[in-house]
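Working notes, structure below.
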Amino acid sequence: MSSKGILYLVATPIGNLEDITLRAIRILKEVDFIAAEDTRQTIKLLNHFEIKKSLISYHEHNKKEKGKYLISQLDSGKNVALVSDAGTPAISDPGEDLVKLCVKDDIKVTVIPGPVAAITGLVASGLSAGRFVFEGFLPMNKKIRKERLELLKNEARTIIFYEAPHKLMHTLKNLYEVFGNRKVVLARELTKKFEEIIRCDLDEAIEKYKEQLPKGEFVLLVEGISEEDRMYDQKKYWDKISLKEHLDIYLREGLDKKSAMKRVAEDRGVSKREVYKGLL
Ligand code: SAM
């Protein structure tokens with residue numbers, strides 16, 4: 001049997017302190033110590049549940065050295081609980097890196113599941129919840145951000161983002177610029193006193209926050225592109241390229257000339273004869 005310790009990823013509330021599981025409380029009491037992203041936040045939680053345990057900070061800016069230290073503790077048989085600022089560790093926080101280190105070092109990782117802001121927002125949104133993509137925080141670099149959004153432009157699944165209030169307006173504008181007008185849901189202050197689910201279009205959300213500064217924490221959910229809009233966008237693209245360029249796309253994919261011409265005709269909504277004549 002391994003004499004190494006276990007890393008427990010313990011989900012904590014995203015607002016409402018009642019959203020903690022009995023198992024989470026027990027594990028927080030039982031482990032040797034707790035690694036916390038924001039020790040001040042975690043102390044409040046521990047005080048509320050009368051848990052006395054030593055804390056060690058583990059966050060974005062010290063994760064390298066603290067990661068090594070935590071692995072050495074786990075290697076020596078200590079059991080460690082990791083908690084993030086709120087919600088499930090490793091979702092848009094440095095917990096992910098610690099899990100990777102544990103996997104590499106053959107240290108057992110186990111999860112005490114609980115709230116995730118993205119999923120909480122998704123199920124309340126009224127948008128399709130069956131298929132979705134989680135993007136977390138968009139990169140701040142202008143070029144990389146634009147590229148990321150361009151890649152998501154034709155995404156049919158619901159797209160979920162995290163955003164800080166002071167950057168919300170900027171992100172809404174970027175989404176509008178690349179996606180055009182779409183349904184958006186702003187899930188604000190989930191599980192808290194001022195919880196609000198705002199369902200509107202991107203242009204309306206921009207208008208709203210021109211008049212009032214966004215406050216609190218937000219999950220942004222954007223409706224995926226509809227099949228109709230995707231076809232329309234695709235059609236606009238086909239209209240921009242020549243018949244020859246269009247045909248070449250399918251020939252490069254390995255289709256024979258006859259099948260490629262058939263696909264071109266279907267894409268453009270014209271007859272095969274027209275494609276044939278146009279290519280002559
Ligand atoms: N690990 C967390 C989770 O499981 O959701 C997410 C951590 S991430 C650093 C923090 C972001 O989550 C916030 O900027 C916000 O976008 C979102 N968030 C966290 N709590 C929220 C809440 N109560 N309501 C809305 N969004 C929330």
Side-chain angles (χ1 to χ4, degrees), residues 12 14-15 35-41 57-67 82-101 115-122 125 127 132-190 192 196-198 200-225:
T12 56
I14 54 168
E37 191 187 5
D38 180 344
T39 49
R40 279 171 312 176
Q41 190 72 15
S57 87
Y58 174 78
H59 51 69
E60 194 54 43
H61 306 292
N62 70 5
K63 64 182 182 186
K64 261 206 169 136
E65 74 257 28
K66 288 293 174 67
L82 176 70
V83 297
S84 60
D85 185 3
T88 299
I91 300 290
S92 295
D93 69 41
E96 176 184 340
D97 299 82
L98 188 58
V99 175
K100 284 186 181 148
L101 290 178
V116 179
I119 302 297
T120 311
L122 175 71
S125 69
L127 299 175
F132 61 89
V133 283
F134 174 64
E135 283 291 323
F137 294 98
L138 278 167
M140 280 318 291
N141 175 290
K142 209 173 161 185
K143 189 166 162 265
I144 305 176
R145 175 178 269 242
K146 178 103 193 303
E147 279 168 8
R148 180 77 54 88
L149 289 176
E150 286 291 346
L151 283 175
L152 289 167
K153 191 177 167 181
N154 288 324
E155 176 57 66
R157 295 167 289 184
T158 300
I159 314 162
I160 312 177
F161 301 98
Y162 282 163
E163 195 47 285
H166 61 286
K167 295 186 195 143
L168 183 79
M169 188 57 155
H170 178 63
T171 295
L172 286 172
K173 283 183 181 164
N174 289 163
L175 289 170
Y176 183 81
E177 281 154 18
V178 180
F179 293 178
N181 212 10
R182 289 256 188 112
K183 268 192 196 159
V184 64
V185 176
L186 300 106
R188 188 180 153 261
E189 294 287 87
L190 290 162
K192 300 186 197 175
E196 199 180 3
I197 314 283
I198 304 156
C200 58
D201 287 338
L202 278 168
D203 62 349
E204 291 168 313
I206 293 168
E207 266 317 297
K208 176 179 168 76
Y209 288 112
K210 259 187 204 159
E211 281 156 30
Q212 64 185 81
L213 276 180
K215 270 199 212 140
E217 299 200 270
F218 285 86
V219 179
L220 277 178
L221 303 106
V222 182
E223 185 176 50
I225 193 168

Practice problem: Decide yes or no for Thr88 and Ile14: does some side-chain heavy atom of the first lie under 4.5 Å from some side-chain heavy atom of the second? | Solution: no
Practice problem: Return yes if some donor-acceptor pair links the side-chain N/O of Asn62 with the main-chain N/O of Ser57 below 3.5 Å, else return no. | Solution: yes
Quiz item: Is any side-chain heavy atom of Thr171 less than 4.5 Å from a side-chain heavy atom of Phe218?
Solution: no
Self-check item: Closest approach of Phe137 to Ser92 (non-hydrogen atoms, all atoms of both residues)
Solution: CE1-CB, 4.0 Å
Quiz item: Out of Thr158, Asp201, Val222, which one pairs with Lys183 under the side chain to side chain contact (heavy atoms under 4.5 Å, CB included) rule?
Solution: Asp201
Quiz prompt | Donor-acceptor pair, side chain of Glu189 and main chain of Glu217, under 3.5 angstrom | solution = yes
Quiz item: Just how far is it from atom CZ of Phe161 to atom CG of Leu149, taken to the nearest 0.5 Å?
Solution: 5.5 Å
Quiz item: Does Glu177 reach the side chain of Asn174, with side-chain heavy atoms less than 4.5 Å apart?
Solution: yes
Exercise. Identify the two heavy atoms, one from Arg145 and one from Pro139, that lie closest to each other, and give their separation to 0.1 Å.
Key: NE-O, 2.8 Å
Self-check item: For Leu220, the option from Ile160, Val185, Val184, Leu138 that meets side chain to side chain contact (heavy atoms under 4.5 Å, CB included)
Solution: Val184
Quiz item: When rounded to the nearest 0.5 angstrom, what is the spacing between CD in Glu96 and CG in Leu101?
Solution: 11.0 Å
Quiz prompt | Atom NZ of Lys215: over 12 foreign heavy atoms under 6.0 Å | solution = no
Quiz item: How far apart are the closest heavy atoms of Ala187 and Gly121, and which atoms are they?
Solution: CB-CA, 4.0 Å
Quiz item: Which heavy atom in Ala118 sits nearest to a heavy atom in Leu221, and how many Å separate them?
Solution: O-CD2, 4.5 Å
Quiz item: Less than 4.0 Å between a side-chain N and a carboxylate O, is that true for Lys143 and Glu147?
Solution: yes
Self-check item: Sub-4.5 Å side-chain heavy-atom contact between Val178 and Glu150
Solution: yes
Exercise. Report, as yes or no, whether the 6.0 Å neighbourhood of atom NZ on Lys66 holds more than 12 heavy atoms from other residues, nucleotides or ligands.
Key: yes
Practice problem: Could you tell me whether the side chain of Glu37 and the main chain of Ser84 form a donor-acceptor pair under 3.5 Å? | Solution: no
Quiz prompt | Atom CZ of Phe132 with >12 non-hydrogen neighbours under 6.0 angstrom | solution = no
Quiz item: How far does CG of Leu172 sit from NZ of Lys167, to the nearest 0.5 angstrom?
Solution: 14.0 Å
Quiz item: Looking at CG of Leu82 and OG1 of Thr12, how far apart are the two atoms once the value is rounded to the nearest 0.5 Å?
Solution: 9.5 Å
Quiz item: Is it true that a side-chain atom of Asn181 and a backbone atom of Asp203 form a donor plus acceptor pair closer than 3.5 Å?
Solution: yes
Practice problem: Would you mind reporting whether Phe134 and Ile119 have side-chain heavy atoms less than 4.5 Å apart? | Solution: no
Quiz item: Do Glu135 and Glu155 have side chains that get closer than 4.5 Å, going by heavy atoms?
Solution: no
Quiz item: Should Leu152 and Phe179 be marked as a side-chain contact (heavy atoms from CB on, under 4.5 Å) after you check the CA-CA gap, both sets of side-chain angles, and the distance that decides it?
Solution: CA-CA 8 Å; Leu152 289 167; Phe179 293 178; 3.8 Å; yes
Quiz prompt | Donor-acceptor contact below 3.5 Å, side chain Arg182 vs main chain Leu202 | solution = no
Quiz item: Roughly how far apart are Ile206 CD1 and Leu168 CG, rounded to 0.5 Å?
Solution: 9.5 Å
Quiz prompt | Spacing of NZ belonging to Lys64 relative to OH belonging to Tyr58, to within rounding of 0.5 Å | solution = 11.5 Å
Quiz prompt | Side-chain heavy atoms of Cys200 within contact of Lys208, under 4.5 Å | solution = no
